[in-house]
Structure formats: C-alpha cells, structure tokens
K.L.:
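Input: one structure, supplied below.
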Amino acid sequence: MSCIFCRIAAGEIPSDMVYQDDEFIAFNDIHPQTPVHILIIPRKHIVSVAELADEDVPLMGRMMAFAKRVAEEAGVAEKGYRLVINMGPDGGQIIMHIHMHLLGGRKMADRMR
Ligand code: AMP
Ligand code: ZN
C-alpha cells in the first residue's frame with residue numbers, strides 16, 4: 001500500500017487524529033494554513049473528484065455531513081469555516097487520495113483562497 005492517506009487510515013503512519021468513524025477520518029494537516037486546518041478523508045481509496053464513480057456519490061454526501069460534525073468538534077461551527085477539495089495540477093492537488101480541507105479559526109483573506 002503506497003498511498004500515504006490509506007496508510008494513515010490503516011494506522012500505519014501516525015497522524016494527529018481529531019475525529020473518525022467507520023467511513024471517514026479527520027486529522028490535523030502537518031502544514032496548517034489556518035489556526036484550524038483539518039483534513040477529512042474517506043477510508044476508501046478514491047483518487048480525486050475526477051475519479052468519482054456514481055456509486056461514490058452517496059459517500060461524498062456523507063463526507064459533507066461528517067465535515068459538519070468535525071467543524072462542531074473543532075469549535076469553528078459557529079463562526080464559520082471553509083471546505084476545499086483540490087483537484088489536479090491547477091487545483092493544487094498533491095496527495096492522490098481524495099480529501100477535504102476544513103479551514104477555520106480566522107477570517108479568510110480572500111473569497112476563494
Ligand atoms: P492537497 O494539496 O490538496 O493534495 O493537500 C495535501 C495536504 O496534505 C497538504 O495540506 C499537506 O500539508 C498535507 N499533508 C501531507 N502529508 C501529511 C501527513 N502525513 N499528515 C498530515 N497532513 C499531511
Ligand atoms: Zn489512498
């Protein structure tokens with residue numbers, strides 16, 4: 001298993017886990033861009049938004065609901081936060097296992113980044 005996020009999900013690589021259930025894991029980003037910067041991943045290996053199969057659509061809906069719970073746990077639900085999924089080179093995706101960035105703890109400087 002060479003995918004770093006699959007290895008984090010399997011517990012083979014340590015991570016600063018904040019929340020998990022049977023389908024998703026949330027852990028702190030090692031290079032936080034904001035006071036709260038959490039990565040949310042499905043345990044299932046899906047490469048990117050571009051690789052989503054029809055059967056993955058309900059899973060992605062549940063990932064959004066999971067993100068909402070993570071935001072509540074992280075204490076940013078009231079003031080707000082940003083959810084970002086990068087895709088491909090222009091989107092800035094580096095890790096090829098689909099993930100959502102939950103960014104919060106400060107007001108975003110720009111509407112899009
Ligand atoms: P992306 O550019 O959307 O692919 O985001 C990848 C993110 O993963 C970056 O924000 C990295 O800082 C983060 N990252 C990479 N390796 C790890 C790791 N082992 N634990 C936590 N975060 C990581
Ligand atoms: Zn993976």
Side-chain angles (χ1 to χ4, degrees):
M1 191 161 48
S2 58
C3 171
I4 181 169
F5 283 0
C6 281
R7 296 186 69 184
I8 284 175
E12 290 178 14
I13 295 177
S15 68
D16 190 6
M17 187 92 67
V18 293
Y19 204 62
Q20 62 175 312
D21 69 10
D22 56 340
E23 288 190 303
F24 307 102
I25 297 174
F27 52 96
N28 285 314
D29 196 292
I30 35 166
H31 294 121
Q33 305 298 310
T34 46
V36 173
H37 186 172
I38 297 169
L39 298 177
I40 295 166
I41 67 168
R43 292 181 186 274
K44 178 182 179 184
H45 181 81
I46 299 169
V47 171
S48 75
V49 170
E51 314 283 329
L52 277 178
D54 288 349
E55 64 173 37
D56 297 323
V57 170
L59 181 76
M60 294 306 287
R62 292 194 295 275
M63 188 155 121
M64 193 69 75
F66 182 82
K68 174 188 154 174
R69 292 200 298 274
V70 172
E72 289 163 358
E73 289 286 320
V76 295
E78 203 168 308
K79 293 194 90 175
Y81 49 91
R82 183 168 291 176
L83 298 174
V84 174
I85 300 180
N86 297 323
M87 188 280 156
D90 277 6
Q93 184 178 5
I94 292 165
I95 309 267
M96 299 311 284
H97 177 132
I98 201 165
H99 53 280
M100 193 181 270
H101 297 255
L102 190 160
L103 303 161
R106 69 159 163 82
K107 190 157 175 57
M108 298 298 156
D110 183 272
R111 278 177 51 79
M112 294 302 288
R113 67 182 164 82

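Numbering of ligands and ligand atoms starts at 1, following listing order.
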K.L.:
Could you identify the single nearest non-hydrogen protein atom to atom 7 (C) of ligand 1 and state the distance to 0.1 Å?
P.N.:
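That would be Asp29 OD2, 3.5 Å.
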
K.L.:
NZ of Lys44: more than 12 outside heavy atoms within 6.0 angstrom?
P.N.:
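More than 12 heavy atoms, drawn from other residues, nucleotides or ligands, come within 6.0 Å of this atom.
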
K.L.:
Just heavy atoms, cut-off under 4.0 Å: does Ile4 contact ligand 1 by side chain, backbone, both, or neither?
P.N.:
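Answer for Ile4: side chain.
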
K.L.:
Hey, could you give me the CD/CE distance between Glu51 and Met87, rounded to the nearest 0.5 Å?
P.N.:
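Rounded to the nearest 0.5 Å, the CD-CE separation comes to 7.0 Å.
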
K.L.:
Heavy-atom contacts with Asn28 under 4.0 Å: which atoms of ligand 1 show up? List them by number with element.
P.N.:
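Heavy-atom distances to Asn28 below 4.0 Å select 21 (C).
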
K.L.:
Considering non-hydrogen atoms of the protein only, which is the closest contact for atom 8 (O) of ligand 1, and what is the distance?
P.N.:
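Ranked first by proximity to atom 8 (O) of ligand 1 is Leu39 CD1, 3.5 Å.
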
K.L.:
Which of parallel (below 30°), tilted (30 to 60°) and perpendicular (above 60°) describes Phe66 and Phe24?
P.N.:
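Tilted.
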
K.L.:
Determine which of the N, O or S atoms in His97 is closest to the Zn ion (ligand 2) and give its atom name.
P.N.:
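Within His97, restricted to N, O or S, the Zn ion (ligand 2) is closest to atom ND1.
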
K.L.:
Run the side chain to side chain contact (heavy atoms under 4.5 Å, CB included) check on Arg62 and Met64 step by step: do they pass?
P.N.:
CA-CA 5 Å; Arg62 292 194 295 275; Met64 193 69 75; over 6 Å; no

K.L.:
Which option wins on minimum heavy-atom distance to atom 20 (N) of ligand 1: Ile13, Ile94, Ile30, Ile41?
P.N.:
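It is Ile30 whose heavy atom sits nearest to atom 20 (N) of ligand 1.
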
K.L.:
Report, in ascending order of atom number, the atoms of ligand 1 lying under 4.0 Å from any heavy atom of His31.
P.N.:
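Matching atoms, with element in brackets: 12 (O).
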
K.L.:
More than 12 foreign heavy atoms under 6.0 Å from CE of Met17: is that the case here?
P.N.:
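Yes, because the 6.0 Å sphere around CE of Met17 holds more than 12 heavy atoms from other groups.
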
K.L.:
Just to confirm my output: which protein heavy-atom neighbour is closest to atom 5 (O) of ligand 1, and how far is it?
P.N.:
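For this ligand atom, the closest protein heavy atom is His99 NE2, 3.1 Å.
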
K.L.:
The Zn ion (ligand 2) is nearest to which N, O or S atom of His45?
P.N.:
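The closest N, O or S atom of His45 to the Zn ion (ligand 2) is ND1.
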
K.L.:
Out of all atoms in ligand 1, which are within 4.0 Å of some heavy atom of His101? Include the element for each.
P.N.:
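Within the 4.0 Å cut-off of His101, ligand 1 contributes 1 (P), 3 (O), 5 (O), 7 (C), 10 (O).
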
K.L.:
Is the closest heavy atom of Ile8 to ligand 1 under 4.0 Å?
P.N.:
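Heavy atoms of Ile8 do come under 4.0 Å of ligand 1.
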
K.L.:
Identify the heavy atoms of Met60 and Leu52 that sit nearest to each other, and give their distance.
P.N.:
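Taking Met60 first and Leu52 second, the nearest heavy atoms are CG-CD2, 3.7 Å.
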
K.L.:
Phe5 and side-chain contact (heavy atoms from CB on, under 4.5 Å): which single residue from Ile25, Ile98, Ile41 fits?
P.N.:
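Only match with Phe5 under side-chain contact (heavy atoms from CB on, under 4.5 Å): Ile41.
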
K.L.:
Give me the nearest non-hydrogen protein atom to atom 2 (O) of ligand 1 as residue plus atom name, then the distance to 0.1 Å.
P.N.:
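Here the closest protein heavy atom is Gly92 O, 2.7 Å.
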
K.L.:
Over 60° means perpendicular and under 30° means parallel, so classify the ring planes of His101 and His37, tilted if in between.
P.N.:
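The arrangement is tilted - the two ring planes meet at 30° to 60°.
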
K.L.:
So, 4.0 Å and heavy atoms of Ser15: is ligand 1 close enough to count as a contact?
P.N.:
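Flag not set, Ser15 not near ligand 1.
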
K.L.:
Which of these passes side-chain contact (heavy atoms from CB on, under 4.5 Å) with Leu102: Asp29, Val18, Leu39, Val76?
P.N.:
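Option passing the side-chain contact (heavy atoms from CB on, under 4.5 Å) with Leu102: Val76.
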
K.L.:
Could you tell me which atoms of ligand 1, counted from 1 in the order shown, lie closer than 4.0 angstrom to a heavy atom of Phe5?
P.N.:
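Checking each atom against Phe5, I get 8 (O).
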
K.L.:
CD1 of Ile40 to NZ of Lys68: how many Å apart, nearest 0.5 Å?
P.N.:
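Output value for this atom pair is 13.0 Å.
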
K.L.:
State if Met96 counts as touching ligand 1 under the rule of any non-hydrogen atom under 4.0 Å.
P.N.:
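The answer is no, since Met96 has no heavy atom less than 4.0 Å from ligand 1.
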
K.L.:
If I take atom CE from residue Met96 and atom NE2 from residue His45, how far apart are they, to the nearest 0.5 angstrom?
P.N.:
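With rounding to 0.5 Å, CE (Met96) is 8.5 Å from NE2 (His45).
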
K.L.:
Decide whether the shortest distance between a heavy atom of Gln33 and an atom of ligand 1 is less than 4.0 Å.
P.N.:
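Gln33: no contact with ligand 1 (<4.0 Å).
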
K.L.:
Under 4.0 Å from any heavy atom of Asn86, which atoms of ligand 1 are there?
P.N.:
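Close to Asn86: 1 (P), 2 (O), 3 (O).
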
